[in-house]
> 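What follows is a single structure, and I will ask about it in a moment.
Values below: every heavy atom of this structure, side chains too, minus hydrogens, waters and symmetry copies.
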Amino acid sequence: MTIVDGYLAFLHRDRRRALNIDLGPLHLHLHSRAVFLMWVTLAILALAGLVVLAARRQELIEKWRTWALIAPTVGIPVWIGPGTTAVLAAALAVVAATEYARLVGLGRRDTYLLGALAVLYPAAAWLRPSLLQLAPALVLLCAVPSVLSGDVAHGAKRTVFTGFGSVWICWSLSHLVMLWPDSYLLCFAIAATDVAAWSGGKGLRRMAWARRPLSPLSPNKTVGGMVGAIIGAFIVLSLLGTVSIGLLVAISVGGVFGDLLESMVKRQAQVKDAGCWLPGFGGLLDRIDSLLLALPLAYLLG
């Protein structure tokens with residue numbers, strides 16, 4: 001058997017696993033890929049926990065605790081079904097849109113409009129996906145608060161920021177529903193690729209070409225990091241049994257440039273983080289920035 005044949009055999013292995021729980025009135029019998037993802041997540045969290053305990057660094061401990069909270073917060077709603085996934089997407093979008101509105105200085109009316117779209121987009125993705133085709137019209141709707149208030153001085157700026165936020169955050173996160181039941185798999189792959197990008201940036205920094213920044217917005221986002229992201233995405237997607245050129249591009253390139261896009265917004269606001277309530281990461285927008293480009297690209301290309 002050649003290396004290619006061995007790889008293809010590994011790639012096409014049945015990754016469905018069984019989970020049988022009978023505790024009093026609780027009867028749960030599953031045989032699916034979601035069970036495999038659950039065990040992989042638990043194994044990685046356990047291994048990372050041992051590494052963090054050995055390192056004894058408070059920052060790493062905080063990040064591990066946050067990851068231990070994020071995994072079930074995202075995994076359980078996706079596991080239950082598309083309706084709860086839509087609720088998850090709406091909750092994430094409302095919080096992220098609020099952080100974004102604060103970064104770009106949007107007023108109360110514009111923020112309320114973003115909040116409404118943060119709920120409407122995931123609801124439409126669940127109940128009537130064809131309504132997402134109205135996204136361009138809803139971007140124009142973002143001009144309504146400025147027009148009705150007669151804001152000549154800042155109306156155009158408010159409209160642009162609100163319209164951009166509606167697509168970047170609200171419309172993008174609705175793809176958690178559009179991509180169900182693979183949403184958790186993609187979130188897992190994107191998070192792992194973030195780690196691979198960081199590892200690539202650190203591991204290849206001795207090489208001049210690898211130290212070259214992708215953009216002045218963030219000197220830490222380098223060519224080496226992009227190489228690490230591509231390699232990491234390939235390895236993770238192979239482990240999960242789902243590889244395609246489209247997904248590789250969406251997860252590696254989309255993830256890295258999603259991070260750079262948020263860096264641009266934060267640079268303009270002259271802040272380091274979008275918030276301070278998520279231990280080890282800052283705000284929610286700081287944690288999900290890679291998703292915001294990767295999810296729609298995965299839907300379009302994957």
> Do L239 and L37 belong to the same hydrophobic cluster, where Ile, Leu, Val, Met, Phe, Trp and Tyr are linked whenever their side-chain heavy atoms lie under 4.5 Å apart, directly or via other members?
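Looking at the clustering, L37 is in a separate group from L239.
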
> Measure across C170 and A93 and return the closest heavy-atom pair with its distance rounded to 0.1 Å.
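The pair with the smallest heavy-atom distance is CA-CB, 4.4 Å.
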
> Identify, with sequence neighbours excluded, every residue that meets ring pair (Phe, Tyr, Trp, His ring centres under 6.0 Å) alongside F36.
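Partners of F36 by the ring pair (Phe, Tyr, Trp, His ring centres under 6.0 Å) criterion come out as none, since no residue qualifies.
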
> Would the number of heavy atoms belonging to other residues, nucleotides or ligands and lying under 6.0 Å from CG of L50 be above 12?
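Yes.
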
> Once salt bridge (Lys or Arg N to Asp or Glu O under 4.0 Å) is applied, do any residues pair with R57, and if so which ones, sequence neighbours excluded?
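Partners of R57 under the salt bridge (Lys or Arg N to Asp or Glu O under 4.0 Å) test: E59.
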
> Which of parallel (below 30°), tilted (30 to 60°) and perpendicular (above 60°) describes W168 and F164?
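Parallel.
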
> Using a 3.5 Å distance criterion without hydrogens, assess whether the side chain of R267 forms a donor-acceptor pair with backbone atoms of L217.
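Present.
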
> Quick check against the 3.5 Å criterion: does T84 have a side-chain atom that pairs as donor or acceptor with the backbone of G81?
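Yes, because the side chain of T84 sits within donor-acceptor range (under 3.5 Å) of the backbone of G81.
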
> Does any N or O in the side chain of E99 come within less than 3.5 Å of the main-chain N or O of L285, such that one atom is a donor and the other an acceptor?
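Yes.
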
> Please list all pairs passing the salt bridge (Lys or Arg N to Asp or Glu O under 4.0 Å) test where one or both residues lie in residues 175-193, with sequence neighbours left out.
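Of all non-adjacent pairs touching residues 175-193, those that pass salt bridge (Lys or Arg N to Asp or Glu O under 4.0 Å) are R33-D182.
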
> Can R287 and D194 be counted as an ion pair, charged N to O under 4.0 angstrom?
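Result for this pair is yes, salt bridge flagged.
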
> For Y121 and A135, which heavy atoms make the closest approach, and how far apart are they?
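Closest approach of Y121 to A135: OH-CA, 3.5 Å.
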
> Would the distance check show the side chain of S290 and the main-chain N or O of G255 forming a donor-acceptor pair, the cut-off being under 3.5 Å?
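Yes, the answer is positive, given that a donor and an acceptor are paired below the 3.5 Å cut-off.
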
> Using a 6.0 Å cut-off, check whether atom CH2 of W277 has over 12 heavy atoms from anything other than its own residue.
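Atom CH2 in W277 is packed in, count exceeds 12.
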
> Taking side chain as C-beta onward, heavy atoms only, is V95 less than 4.5 Å from T98?
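In short, these two side chains do not touch, never coming nearer than 4.5 Å.
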
> Taking all non-hydrogen atoms of both residues into account, name the closest pair between T162 and R158 and its distance.
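What the structure gives for the nearest pair is OG1-O, 2.7 Å.
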
> Has W126 got more than 12 heavy atoms of other residues, nucleotides or ligands less than 6.0 Å from its CH2?
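No, because the 6.0 Å sphere around CH2 of W126 holds 12 heavy atoms or fewer from other groups.
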
> Of all the heavy-atom pairs spanning V177 and P82, show the shortest one and how long it is.
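Closest pair (atom of V177, atom of P82, distance): CG1-O, 4.2 Å.
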
> Is a donor on one side and an acceptor on the other found under 3.5 Å between the side chain of R211 and the backbone of R205?
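Between the backbone of R205 and the side chain of R211 there is a qualifying donor-acceptor contact (under 3.5 Å).
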
> Could you measure the distance from the CD1 atom of I251 to the CD1 atom of I230? Nearest 0.5 Å is fine.
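These two atoms lie 12.5 Å from each other.
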
> Could you label the plane-to-plane angle of the Y100 and F161 rings as parallel, tilted or perpendicular, counting under 30° as parallel and over 60° as perpendicular?
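Rings of Y100 and F161: perpendicular, as their planes differ by over 60°.
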
> What is the minimum heavy-atom distance between L260 and S215, and which atoms define it?
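Where L260 meets S215 most closely, the heavy atoms are CD2-CB, 4.2 Å.
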
> When you measure from the side chain of S166 to the backbone of V139, do you find a donor-acceptor pair of N or O atoms at a distance under 3.5 Å?
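Judged by distance alone, no pair lies under 3.5 Å.
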
> Please check this pair: side chain of S149 against backbone of S146, looking for a donor-acceptor N/O pair closer than 3.5 Å.
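The answer is yes, because a donor-acceptor pair under 3.5 Å joins these two groups.
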
> Could you tell me if the side chain of W67 sits less than 4.5 Å from the side chain of L45, heavy atoms only?
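In short, these two side chains touch, coming nearer than 4.5 Å.
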
> Taking atom NE2 of H31 as the centre, report whether more than 12 heavy atoms of other residues, nucleotides or ligands fall under 6.0 Å from it.
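Yes, enclosed.
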
> Atom CZ of residue position R109 - does it have more than 12 heavy atoms of other residues, nucleotides or ligands inside 6.0 Å?
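Result for CZ/R109: open.
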
> What are the two closest non-hydrogen atoms of A196 and G228, and how far apart are they?
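Taking every non-hydrogen atom into account, CB-O, 3.4 Å.
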
> Under 4.5 Å between side-chain heavy atoms, counting indirect links through other Ile/Leu/Val/Met/Phe/Trp/Tyr residues: same cluster for V243 and L8 or not?
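Yes, V243 connects to L8 through the hydrophobic network.
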
> For the residue pair R65 and F281, would you count it as a cation-pi contact if the rule is NZ or CZ under 6.0 angstrom from the ring centre and within 45 degrees of the ring axis?
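Negative - R65 is either too far from the ring of F281 or too far off its axis.
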
